[in-house]
Amino acid sequence: MMTRTRIACSAALILLTTAPSWAAAPPLREQISLNGPWQRDGAEVNVPQYFGEAFTGTRAYLRRVVVPADWQGKRVKLAFNQIAHQARVFVDGALVHRQQGGWAFFEVDVTDRVRPGKPFELKVEVSGSDAVKNRRGKVTHPVGAWMAKAGINDDVWLRAYGEVHIEDAFIKTSFRRRQLSVVYAIRNAGKSPQTVTIVGKARRPGGPVEKTFEVQATVAGGEVKEATAVAAWDDAQLYWPDAPTLYHLESEVRVAGQVRDRQTNRFGFREIWTEGNRIYLNGVRTNLFGDYQSINTGGYHTDSSNLTREGWPATVDRIQAMNIRCLRFHHQPVPLYILETAEEKGLLVCSEAPNYARDYLAGLTDEERETYIQNFNADIVPGWIRRERNLACIYLFNATNEMTYKALGNFSPAQCKAMGAAVRAFDGTRPVGYDGDANFGVTEELRNVHYPNGYNTEPTGSIYRMNAQAKGLQKVFADVPTGTGEMLHTHDGKLAGKPEYAHVIRNRWWLCFWLRGLRYTDWTDVRPACYWFAANDLAGRPSRGNDPGHLIRGQSLKNALAPIALFDKEYDDLGIAPYVGDGIRFVGRWPEIRAGSTQRRTLILYNDEFRDTAVTAEALVRIGEATHARGSITLNVPLGERREIACQSQAPDEPGKTMSLVLRTKKGGKVRFEEERCFALVGSAQGARSSDAVRLEAH
């Protein structure tokens, strides 16, 4: 019988967490890795090629595989995490599987063709993108950004299963219902019906069992049957980006009390949903500001991003040190190790389909578009979503990218929604998005517009009044969260050396400030291309343009994304003027204020974290290292919200000098944020009274 526990836990208790508890993902089951040296065209090559290889036509990859001798009586399957673009799998020369379409997990049961303790020859014929074109040369399967690339681009396994076994376990966790449910797909590879009991045990790595449940099912011979186990769980440790607690679900299939199959899946207990124009994670409003990258090494953001298996963990650390809390992987799905590392470290991920709208989709007929949709829904979605839906870090699946633009595919909103519906059918536990297609009315749970201020166009007017002055889809909507996956283009090597490249450099500065306006005007899911240059800025390696103000720019962008931030509203509304002249150089033209005058400013205090609402704001007036005045205030700031503070101070009566207004935040007694705003002191306020206090009052 399934265990059910009465829910008796307050929201306050649910928010309590322990230190991060994670480790590498456990082995799914008895398995051996087939990664490593294979033969291709008489030469040794390493499999997988995570970043693909440039080729067309077909290439054959071969290796000798020995089935473990102790797998006698087991079902034996080959498992491929993903291949691009199509594949044929052979065992000892016999064709055992055809795979249509890339980036999808698939398995091949080879039990009847192999013998425990004996070797066999495995051959995988992989076809490039020309194989997914029709007679007119039009692409009829999604190819992402890999028109010229293909290969075995993720891990390969040989796995052992019982005759009655778990083919899939879809783990669903609900914060609102305090409930764990697991949808098991049970396959009976034998001929006789079997009544099975599935026993599930959840524990943190190395810890005691925290939840046990069981469910029964009778499965006919040759049948695959779903069985859903549901268990109340009111004291599960929640998965948070800053405390990414992960569990192992150990599942056993028992027949007449005997264990016939075992499987272990990793998961995090969390729930994400949208409500009005907000996104919630475990009941906390979560404003997702981050970045976007790709594994297309000929494309975006490769200057600073080490996405290799060895380098990626340190890259995640640097990304999170930049205050980036979410990452969109653009162009196509990525290797599983990238997602598993993100999950372990609490970096939230938007996983995007290979529906990369480009000119190769131009000129499709209505019939060809329908064929494309059918192929995506049937050949890519099931394996792609099954591979990733148990990952706690994925907060959003993107079904499309700019597919409705006439020059990039001209798919209708209804056709995009058909692809989104296919994604939702395999996972309804998180939102489904359509990046950049909001302009044409594609929307369900959120709206996402690309380049809301125009492509390569600098912002104008107040960054804090964008809702009031914006038009159409640049506004924040009241009914669904509003986001932008691409904005203020910052990376285009093709423009280097041309006059318009100055706009790209200026956009990098503008991101430091426009992001603050987007936060203030309640944009919710914002992912510009920023890490690739800001990481170089902070490391003292200026990106293209050799901007001498790179350290200030990098720190300003990092501060713009800080969860516990304190911004000077009037200063930020000056935009890039204090930092950048008419060209692209750092010039330090600080705004002028009268020496000795009274200054009144508005500060904005943010609390974009997941616990603790008491936040201290502190302001100091300085000249050089000397502090002339200071003040602080502690406010209750709801999670995911902000408070405005009236700030009054007196500028030192020292004309000709530079005054700094230093803004800090503290939480739990620790400094969480610091930013310096500089002013040029001019003239003199004759007879001004000196004050060593900064008055801070909540609006």
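Positions are given from 1, in the same order as the sequence printed here. We use all heavy atoms of the structure for the numbers below, so side chains are in, but hydrogens, waters and symmetry mates are not.
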Please find the pair of heavy atoms, one from [X] and one from [Y], that lie closest to each other, and give the distance.
X      : Y      : answer
Arg63  : Pro37  : CB-O, 4.4 Å
Ile394 : Arg270 : O-NH2, 2.9 Å
Pro313 : Thr341 : CA-CG2, 3.9 Å
Arg387 : Asn81  : CD-O, 3.4 Å
Met403 : Cys416 : CB-SG, 3.9 Å
Tyr434 : Asn398 : N-OD1, 3.8 Å

task: Check salt bridge (Lys or Arg N to Asp or Glu O under 4.0 Å) between Lys123 and all other residues, then give those that pass, not counting sequence neighbours.
output: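 Salt bridge (Lys or Arg N to Asp or Glu O under 4.0 Å) list for Lys123, sorted by chain: Glu125.
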query: Which is it for Gln39 and Glu44 under the side-chain contact (heavy atoms from CB on, under 4.5 Å) test, yes or no, and what are the steps along the way?
result: CA-CA 5 Å; Gln39 293 292 314; Glu44 187 175 282; 3.9 Å; yes
Do [X] and [Y] sit within salt-bridge range, that is, some charged N less than 4.0 Å from a carboxylate O?
X      : Y      : value
Asp155 : Arg309 : yes
Glu367 : Lys138 : no
Arg424 : Glu445 : yes
Glu167 : Arg386 : no
Glu214 : Arg254 : no
Asp130 : Lys133 : no
Arg75  : Asp261 : no
Asp109 : Arg187 : no

Test of ring centre spacing under 6.0 Å for Tyr50 and Trp312: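 No, ring centres 6.0 Å or more apart.
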message: Run the side chain to side chain contact (heavy atoms under 4.5 Å, CB included) test against Glu163 and tell me which residues pass, sequence neighbours left out.
response: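 In terms of side chain to side chain contact (heavy atoms under 4.5 Å, CB included), with neighbours along the sequence ignored, Glu163 is linked to Ala189.
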message: Does Arg29 qualify as a cation-pi partner of Tyr161, given the criterion of NZ or CZ under 6.0 Å from the six-membered ring centre and within 45 degrees of its axis?
response: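 That pair qualifies as a cation-pi contact.
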field: Axial cation check for Phe175 ring with Arg178, 6.0 Å and 45° limits
entry: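 The answer is yes; both the distance and angle limits are met.
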If you measure from [atom1] on [X] to [atom2] on [Y], what distance do you get to the nearest 0.5 Å?
X      : Y      : atom1 : atom2 : result
Thr56  : Met147 : OG1   : CE    : 10.5 Å
Thr308 : Ile295 : OG1   : CD1   : 12.5 Å
Tyr395 : Leu327 : OH    : CG    : 8.5 Å
Leu158 : Leu34  : CG    : CG    : 5.5 Å

Is there a donor-acceptor contact under 3.5 Å from the side chain of [X] to the main chain of [Y]?
X      : Y      : result
Asn377 : Ala422 : no
Lys225 : Thr218 : yes
Asn282 : Tyr239 : yes
His85  : Lys149 : yes
Thr286 : Tyr280 : no
Arg204 : Thr245 : no
Arg389 : Phe426 : yes

Of Glu250, Glu252, Glu30, the residue whose pairing with Arg262 passes salt bridge (charged side-chain N to carboxylate O under 4.0 Å, His left out):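 Per the salt bridge (charged side-chain N to carboxylate O under 4.0 Å, His left out) rule, the option paired with Arg262 is Glu252, out of Glu250, Glu252, Glu30.
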message: In the structure I gave you, are the side-chain heavy atoms of Pro244 and Glu343 within less than 4.5 Å of one another anywhere?
response: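 Not touching, per the 4.5 Å side-chain cut-off.
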query: Yes or no on side-chain hydrogen bond (donor to acceptor under 3.5 Å, both in side chains) for Ser251 and Gln263, after CA distance, side-chain angles and deciding distance?
result: CA-CA 5 Å; Ser251 302; Gln263 181 163 299; over 6 Å; no
task: Describe, in one word, how the ring planes of Phe106 and His97 are oriented to each other, choosing from parallel (under 30°), tilted (30 to 60°) and perpendicular (over 60°).
output: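 Taking His97 first and then Phe106, their aromatic rings lie parallel (interplane angle under 30°).
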query: Do Ser351 and Trp384 pass the side-chain hydrogen bond (donor to acceptor under 3.5 Å, both in side chains) test, and can you show the C-alpha distance, the side-chain angles, and the key distance before you say yes or no?
result: CA-CA 10 Å; Ser351 178; Trp384 166 41; 3.3 Å; yes
- prompt: Passes side-chain contact (heavy atoms from CB on, under 4.5 Å), Phe411 versus Met419? Steps please.
  reply: CA-CA 11 Å; Phe411 285 72; Met419 290 186 276; 4.2 Å; yes
